[in-house]
There are 2 protein chains.
Amino acid sequence: MDARAFIRRKRDGKRHDPGDIRAFIAAHLGGAVPDYQVSAWLMAAFIEGLDDAETTELTRALIESGRTFDWTPLGRPSADKHSTGGVGDKISLVLAPVVAACGVLVPMVSGRGLGHTGGTLDKFESIPGFRTRLEPDAMRDQLDRLGVIMAGQSADLAPGDGSLYALRDVTSTVESQPLIVASIVSKKIAEGAGSLVYDVKCGSGAFMKTPAEARSLATRLVEVTRGSGPRAAALITDMNQPLGSAVGNALEVQESIDVLQGGGPDDVRELTLELAAIMLQLATGADSGAARRQAEAVIESGKAWERFVALVRAQGGSVAAVEKPGELPRAPVVAPVKATHTGFVTAMDTFALGECVVHMGGGRVEKTQPIDARVGLMMRARLGDPVRAGDVLAEAHLARSDEVLMSRLQAAITIGDSPPALPPLVLERID
Amino acid sequence: MDARAFIRRKRDGKRHDPGDIRAFIAAHLGGAVPDYQVSAWLMAAFIEGLDDAETTELTRALIESGRTFDWTPLGRPSADKHSTGGVGDKISLVLAPVVAACGVLVPMVSGRGLGHTGGTLDKFESIPGFRTRLEPDAMRDQLDRLGVIMAGQSADLAPGDGSLYALRDVTSTVESQPLIVASIVSKKIAEGAGSLVYDVKCGSGAFMKTPAEARSLATRLVEVTRGSGPRAAALITDMNQPLGSAVGNALEVQESIDVLQGGGPDDVRELTLELAAIMLQLATGADSGAARRQAEAVIESGKAWERFVALVRAQGGSVAAVEKPGELPRAPVVAPVKATHTGFVTAMDTFALGECVVHMGGGRVEKTQPIDARVGLMMRARLGDPVRAGDVLAEAHLARSDEVLMSRLQAAITIGDSPPALPPLVLERID
């Protein structure tokens, strides 16, 4: 492995030869190529880009750096979903039991929240007792028995991605689409799902601010996933306001329960059904209408809810906490965010809303920080709603009163004179 | 120092704020910014570039990483020359005593040969006993007494450049004009000369292959030097054939002696006088014609030659070896390179000629390799010369016979049917 020649090639904006990226990453993880050479390459790749074939090869190299799961011996199709991160995005909590209840295995490996977005693991862990560290044998048994697991990423799953991410973090090479794609896809493929659906968020609360950026990312995620084996599709969905009403860990668990029990906000239910339909379609070949009806049916019949309760029980969580409203952790202070004048809700700085929840203690600024599961927001107004001065726009659930935070929340919701154009919940499907 | 924000700025193609490059380099040399962050920045700077102000600041940071000399207490103007490297370039050996004999201090700090070009230090060290490691006090005394020193770069002169170069070497970020400029200028300024002249080589034996590249480098060298204090100018000179006849360490010393004694090849004499005139002009304000006549006069009168002998004596070299022809080390085998057919010398692959001398043992592939001072080439034909089949084009001075090498030498000299257009020795002066 001539690391200098390899770096020079990307520096000069050329394509790498097949096999070279795998050799470079393998040499790095084996200790033969030091960090300073990898970071020079990362910067060259950041600026000059990697095409789909190169990204697929990088993905392969990261997958090969650790353990991979193969669920085909269980004899049933499997599928998983990945979201690029938004505010109030509790879809996985509802989606996983819905799809499992439809007979498709959901071997879900999730991350924790970092930055302004929440993490699925943190949400599940607001259920007292819920464990997300599962041993491989336990994962296999539970997946076979219940059709669903909800695990944290173990250290041996795509460890190369961890090493690379640590370097990217300190060398300002994080926000590169091909590097992001390889990081996401390698972890998802290592967990062994046969079909993958990507929910690419777009808008003021997402990493992708424009539909063009989101479309580009979605297309690459799908292409690179397919190039690596699994079936894949993506939805580009709106993130110009929080998804549903609840933002914050325990609040989102409660809202997910509502949806699983047939209620809850329309947008959460709708996006869950759309994503479930695609997962079932990819995994089983069902047609899209039939797949959606199947997903609706398992909510209607209570089977999805039963599957959720079984999942909570299997992973040590308190069934009482999810079965009885009000048993989940609750914040001591609830304060209203009020409209200062009359008009229409025309915009939300959704990123700022997410940041406020982090500031309340509901998320992390540093990786090892503990989380306060109780805090968060309940949105009482949505984009386009007419409001009058004094109307409650949102309720803040707080550990303690915080006037500065309350004014930041108020500033994040814009009231204008005329109703805004509302984007659809699902902007586009990428196949 | 927020290293990530600093790297991000250059990654995004923006200018650094004043002070930031100094802070980043200082933090690196102080151990606070690790290699992997510097190499990511080097790659971003390589691809996105640094403007003159940024390059000047990087130069300043490298200068400040170590010792700097100040010769103004000696009460006389000082000047030095730097060549970007060519084949047969022994100008410094002649130029330094000429300029010193004209009353301008020449505190010359030189490097060793690496790659296809020779190094001034290696050439001087082919004089038996010649020492190039001088202590600062000895440098000062000798400069005061003789007006000239010929020293190797000590470890404390711009050590930051050494650290940065080591990283650039392994991360394929060497061939960046601003990084090259900062590296050259920082070392030259640290050695304390009040005026600096750059001889930017251009052609088949130079790093810069085209006049446009050479002009761009020359302009930046002059601008960045001026931005850092000293007066500066540059010549762009032809390197499409070796300078003079001799290529190789002892052979070049002999040719330099010839020029100092009033003989030698016209091009070596001419370029020496041109560069001397500019050094004197910058250092003393003399007009260009008077400066050139002064340089011619010290050769004519023997004062330049006396100064060379005094320099050799002062630095421990054998005066006998330079005073008596034939006392310098000589190779045991001399083999002719002959013209295969009749015509004109239309081109020389001067880079290949330099590489052949390295291969003979006259240069280095690795930094610590010993050098065979005896070997080299004596060119017997120049570009444009008419030759007949069997004429001697060059003599190879070898440690042992080497048929493969002889055919490489022959292949490096092209004989064509009609005389080529000949470039002038000095293509351009940049002020």
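Residue numbering restarts at 1 for every chain, and letters A, B, ... go by the order of the sequence lines. Since this is a predicted model, take the numbers as computed values, not measurements.
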(request) Decide side-chain contact (heavy atoms from CB on, under 4.5 Å) for B:M43 and A:I7; before the verdict, give the C-alpha distance in whole Å, the side-chain angles of both, and the deciding distance to 0.1 Å. (result) CA-CA 10 Å; B:M43 183 56 80; A:I7 297 166; 3.3 Å; yes
(message) I need the minimum non-hydrogen distance between A:I430 and A:A218, along with the two atoms involved.
(response) CG1-CB, 3.8 Å
(request) Tell me, for A:A44 versus chain B, whether the close heavy atoms (under 4.5 Å) come from the side chain, the backbone, both or neither. (result) both
Between chain B and chain A, which N or O donor and acceptor atoms come closer than 3.5 Å?
| from | atom 1 | to | atom 2 | distance (Å) |
| --- | --- | --- | --- | --- |
| B:R4 | O | A:S172 | OG | 2.5 |
| B:R4 | NH1 | A:D169 | O | 3.0 |
| B:R4 | NH1 | A:D169 | OD1 | 3.0 |
| B:R4 | NH1 | A:D169 | OD2 | 3.3 |
| B:R11 | NH1 | A:S172 | O | 2.8 |
| B:R11 | NH1 | A:E175 | OE1 | 2.9 |
| B:Y36 | O | A:S39 | OG | 2.6 |
| B:Q37 | NE2 | A:V170 | O | 2.6 |
| B:S39 | OG | A:Y36 | O | 2.6 |
| B:S39 | OG | A:S39 | OG | 2.8 |
| B:D169 | O | A:R4 | NH1 | 3.0 |
| B:D169 | OD1 | A:R4 | NH1 | 3.0 |
| B:D169 | OD2 | A:R4 | NH1 | 3.4 |
| B:V170 | O | A:Q37 | NE2 | 2.6 |
| B:S172 | O | A:R11 | NH1 | 2.8 |
| B:S172 | OG | A:R4 | O | 2.6 |
| B:E175 | OE1 | A:R11 | NH1 | 3.0 |

(request) Evaluate the side-chain proximity of A:L179 to A:V174: yes if any heavy-atom separation is below 4.5 Å, no if none is. (result) no
(message) If you define the side chain from C-beta out and look only at heavy atoms, does anything of B:V38 sit under 4.5 Å from B:F24?
(response) yes
(message) Quick one, A:V200 and A:L221 - any side-chain contact, counting heavy atoms below 4.5 Å?
(response) yes
(request) Would you please name every residue forming a side-chain contact (heavy atoms from CB on, under 4.5 Å) with A:A23, sequence neighbours left out? (result) A:M1
(message) Side chains of B:I25 and B:L58, heavy atoms from C-beta outward: is any pair under 4.5 Å?
(response) yes
(request) Select one option (side chain, backbone, both, neither) describing which atoms of A:L42 are under 4.5 Å from chain B's heavy atoms. (result) neither
